[in-house]
Amino acid sequence: MSDPYETTEAHLERLLGRALNSFDLPDRLVERLGTALAHSSSLHTTRHSPAAGSWREIRRHVYLLSDGESVSLWELAHRRGSGLSIRFEVFASKAETCLAVARLFGEAPSQVARDLTEVAAEVEPESDIAVLSALFANPTPAQRHRGYAVEESADHARRVLRRAENPDRPGERVALLLRSAYAHRITQAFGTRQCLLDGRDAGFSLYEHAFVLLDGGEFSLWEVEHTATPDGRHMCEVYETEAAARGAMELRARVR
């Protein structure tokens, strides 16, 4: 059973990680799945034969991509005898799934296809993409403000936190929160400032890294870049609030 709080990124990683044939998926498809914002999973068929100890399930996983389109993956979970472990395979189309079932269980592909079609008609009165799109029916900050970029935002957050050198940088709570970031923008909140420290120039800049989360919420990291270090090297510090970041800048500017 899937975790209702599982992020789309984690869901996709788990799905592809357990599939024995995930390497067969087209590279372009895998690349597009990397931009998925939300997902929906549904059980299409389940068949079992107690006498033979065989069992199978077919699930469809639909992903809403950042460009507004959707793609599906078909997952076949099966066990072909008592005492055997469950095996997982994933396919890019329903036709490939039907052929795999026919190969494994000796059934006619046409019959497997009919089973899938009949079940889909009963349980899917609306398309999966319509359901997923409803998650974003209310304009999110990313949609209201064109300055937000929908591209590897969770990775960007990790990089910002990783390069922070201040001991009081945001901790694991913030890191976990930003794993659900799907859009971000960077703005310079404070123009470059120069000051004289120990007879040499030191520069300060303040940047806001604003993130949009999957639930529509917003969260910002405030990054101070400066050269107010003993040897004049470049240093990055990251804070949860603008006030804390500005306070750190003032403190560094006063230290002699």
Side-chain angles (χ1 to χ4, degrees), residues 3-14 16-17 33-39 66 136 140-256:
D3 180 356
Y5 300 104
E6 184 178 43
T7 66
T8 297
E9 180 183 14
H11 169 83
L12 186 59
E13 182 178 354
R14 180 170 58 87
L16 297 180
L33 285 168
T35 71
L37 305 179
H39 68 280
S66 60
F136 299 91
T140 65
Q143 294 167 322
R144 292 196 301 266
H145 303 291
R146 294 182 180 179
Y148 281 92
V150 182
E151 53 179 29
E152 300 182 349
S153 297
D155 284 337
H156 176 74
R158 282 192 287 269
R159 289 193 295 270
V160 172
L161 292 173
R162 188 168 56 242
R163 66 179 177 243
E165 297 185 53
N166 50 308
D168 53 346
R169 61 187 176 273
E172 186 63 21
R173 176 186 63 82
V174 172
L176 288 172
L177 177 68
L178 290 175
R179 287 180 184 176
S180 68
Y182 78 90
H184 70 280
R185 69 176 180 183
I186 306 169
T187 55
Q188 187 169 19
F190 186 88
T192 300
R193 172 184 174 182
Q194 298 294 128
C195 67
L196 197 63
L197 292 177
D198 295 328
R200 59 179 174 79
D201 288 332
F204 293 86
S205 294
L206 176 62
Y207 298 91
E208 179 188 10
H209 300 262
F211 299 90
V212 182
L213 310 180
L214 277 177
D215 62 5
E218 294 177 88
F219 190 89
S220 290
L221 293 176
W222 297 85
E223 182 179 31
V224 177
E225 294 186 354
H226 67 85
T227 55
T229 52
D231 57 358
R233 71 177 180 85
H234 183 272
M235 180 178 180
C236 292
E237 302 181 30
V238 178
Y239 299 89
E240 287 189 47
T241 67
E242 181 179 8
R246 290 188 181 278
M249 291 174 63
E250 293 301 322
L251 178 63
R252 299 288 183 270
R254 290 198 302 269
V255 173
R256 294 292 186 272

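Heavy-atom basis, side chains included; hydrogens, waters and symmetry copies ignored.
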Checklist outcome for this item: The residue among Arg163, His226, Glu225 that forms side chain to side chain contact (heavy atoms under 4.5 Å, CB included) with Met235 is His226

Checklist entry - Would a 4.5 Å heavy-atom cut-off, applied to side chains only, mark Arg173 and Glu240 as touching? => result yes

Checklist outcome for this item: Between the CH2 atom in Trp222 and the CE atom in Met249, the distance rounded to the nearest 0.5 Å is 11.5 Å

Next on the checklist: If I take atom CD from residue Gln188 and atom OG from residue Ser205, how far apart are they, to the nearest 0.5 angstrom?
Outcome noted: 5.0 Å

Checklist outcome for this item: In this structure, CG of Leu206 is separated from CD of Glu242 (nearest 0.5 Å) by 6.0 Å

Checklist entry - Nearest 0.5 Å, what's the CD-CG distance between Glu9 and Leu33? => result 12.5 Å

Checklist entry - How long is the gap from NE2 on His184 to OG on Ser220, to the nearest 0.5 Å? => result 12.0 Å

Checklist entry - Between Phe211 and His156, what is the ring plane arrangement, given parallel below 30°, perpendicular above 60°, and tilted in between? => result tilted

Next on the checklist: So for atom CD, which belongs to Glu13, do other residues, nucleotides or ligands contribute more than 12 heavy atoms lying within a distance under 6.0 Å?
Outcome noted: no

Item to check | Shortest non-hydrogen separation from Leu37 to Thr8 and the atoms involved | outcome: O-OG1, 3.6 Å

Checklist outcome for this item: On a heavy-atom basis, the closest approach of Leu221 and Ala157 is CD1-O, 4.5 Å

Checklist entry - Taking 4.0 angstrom as the limit, do Arg246 and Glu208 come out as a salt bridge? => result no

Next on the checklist: Keeping Arg169 on the side-chain end and Asn166 on the backbone end, is there a donor-acceptor pair under 3.5 Å?
Outcome noted: yes

Next on the checklist: Checking Leu178 against Leu213 for the side chain to side chain contact (heavy atoms under 4.5 Å, CB included) test, could you report, in this order, the C-alpha distance in whole Å, the side-chain angles of both residues, the deciding distance, and whether it holds?
Outcome noted: CA-CA 7 Å; Leu178 290 175; Leu213 310 180; 4.2 Å; yes

